[in-house]
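Okay, structure first, notes after.
Just so you know, ligand 1 is whichever comes first in the structure, and atom 1 is the first atom listed for that ligand.
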Amino acid sequence: MANKVFVTRKIPDSGIALLKAAGFELVVSEKDGVLTKDELMGALKKEKYDGVLCLLTDHIDDEVFNAAGKQCKIFANYAVGFDNIDLKAARTRNIMVTNTPGVLTETVAEHTFALMLAIAHRVAEADRFTRAGKYKGWGPMLLLGSDVFGKTLGIIGLGRIGARVAHHAVRGFDMKVLYYDVQRNENFEREYGAAYRDRIETLLPDADFVSIHVPLLESTKHLMNDLRFGMMRNTAYLINTSRGPIVDEQALLRALRAGTIKGAALDVFENEPAIEPLLLELDSILLTPHIASGTIETREKMARLAANNLIEALAGRVPPNIVQAGSS
Ligand code: DGY
């Protein structure tokens, strides 16, 4: 009998085509948006699915696993991050969980740099200014920004993405790189002339730009808080393309209003899609709607990788990107 897979939202065609070519019977949610938990559980209870392709916007907990039933072997997440999935519950129920690492590294690193350049050069603010008809002629003091070239970048979390951001910073903009990670990487230090800081507290005071690249864990929630904003330079910028709750949005608002830091550029939000409304009033912040991996090429690759994880797992083989092994 064909394997049956539920896809919680429309994804790029290449992934769907792979699943179909593997002979899977597919049900793709037709809702134009995120399924509520009740809708998701309702959909999963309707049929007996062997696997689910889910998104970072689906909160997958024990109740959802229960709704999927005993025959469901895998939840393939269409994201590198998997903080939306209760891994402990998956382990208890012997359900495999996979993710999509690697294929989005370059795109997220590019977006991080796009945010860094745009906030420093006040690109979005200048665009608003120009469209509003406020441009009345060149001026020596008009919308002055800050250089990125030659400045110091502090990277928090030296995984794949953090390392690529460092690469662009050093090779493209002659920046000095400081990094904090739980693990020191001396090869990286040699290659990029980077300096290791074993505590975030010793990185923050020396950085002109701070870019966050850690996963969301209990230990990284509100990693950027009042205390740590207070350690940053008042000329410095914060960039976050990782997960929203890593930054305490209220603390960020206080830091921007008080001029504790100069600016921030965020692709992710503490309670997304909701955003603290008072942040929207500030010109010192640049916002994008969780699109750091959002290029056509990368989203196609993510779709193929998620599909491939499902195909391998349901064929009884070891899929390439396991974050939680299921029953063997
Ligand atoms: C991920 O894959 O975790 C990203 O946040 C998606 O953009």
Quiz item: What part of L56, side chain from CB on, backbone N/CA/C/O, both or neither, has a heavy atom under 4.0 Å from ligand 1?
Solution: side chain
Quiz item: With only distance considered, is V80 within less than 3.5 Å of ligand 1 through an N or O on each side?
Solution: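 Among all N and O atoms of V80, at least one is under 3.5 Å from an N or O of ligand 1.
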Quiz item: Any N or O on H290 sitting closer than 3.5 Å to an N or O of ligand 1?
Solution: yes
Practice problem: Pull out every atom of ligand 1 sitting under 4.0 Å from any heavy atom of A79, numbered as shown with elements. | Solution: 1 (C), 2 (O), 3 (O)
Exercise. For L104, take its heavy atoms, then give the atoms of ligand 1 lying under 4.0 Å from any of them.
Key: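 It comes down to these atoms of ligand 1: 2 (O).
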Quiz item: Is E189 salt-bridged to R184, cutoff N-O under 4.0 Å?
Solution: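 Yes, E189 and R184 are salt-bridged.
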Quiz prompt | Salt-bridge criterion met for K88 and D62 (N-O under 4.0 Å) | solution = no
Quiz item: Among protein heavy atoms, which sits nearest to atom 3 (O) of ligand 1, and what does the distance come to when rounded to 0.1 Å?
Solution: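 Nearest neighbour among protein heavy atoms for atom 3 (O) of ligand 1, to 0.1 Å: R243 NH2, 2.7 Å.
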Self-check item: atom 7 (O) of ligand 1: nearest protein contact (heavy atom, Å)
Solution: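 Here the closest protein heavy atom is S293 OG, 2.7 Å.
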Exercise. Report yes or no: do S211 and H213 form a side-chain donor-acceptor pair below 3.5 Å?
Key: yes
Ring centres under 6.0 angstrom apart ([X], [Y]):
{"X": "Y237", "Y": "F209", "value": "yes"}
{"X": "F173", "Y": "F113", "value": "yes"}
{"X": "Y135", "Y": "F129", "value": "no"}

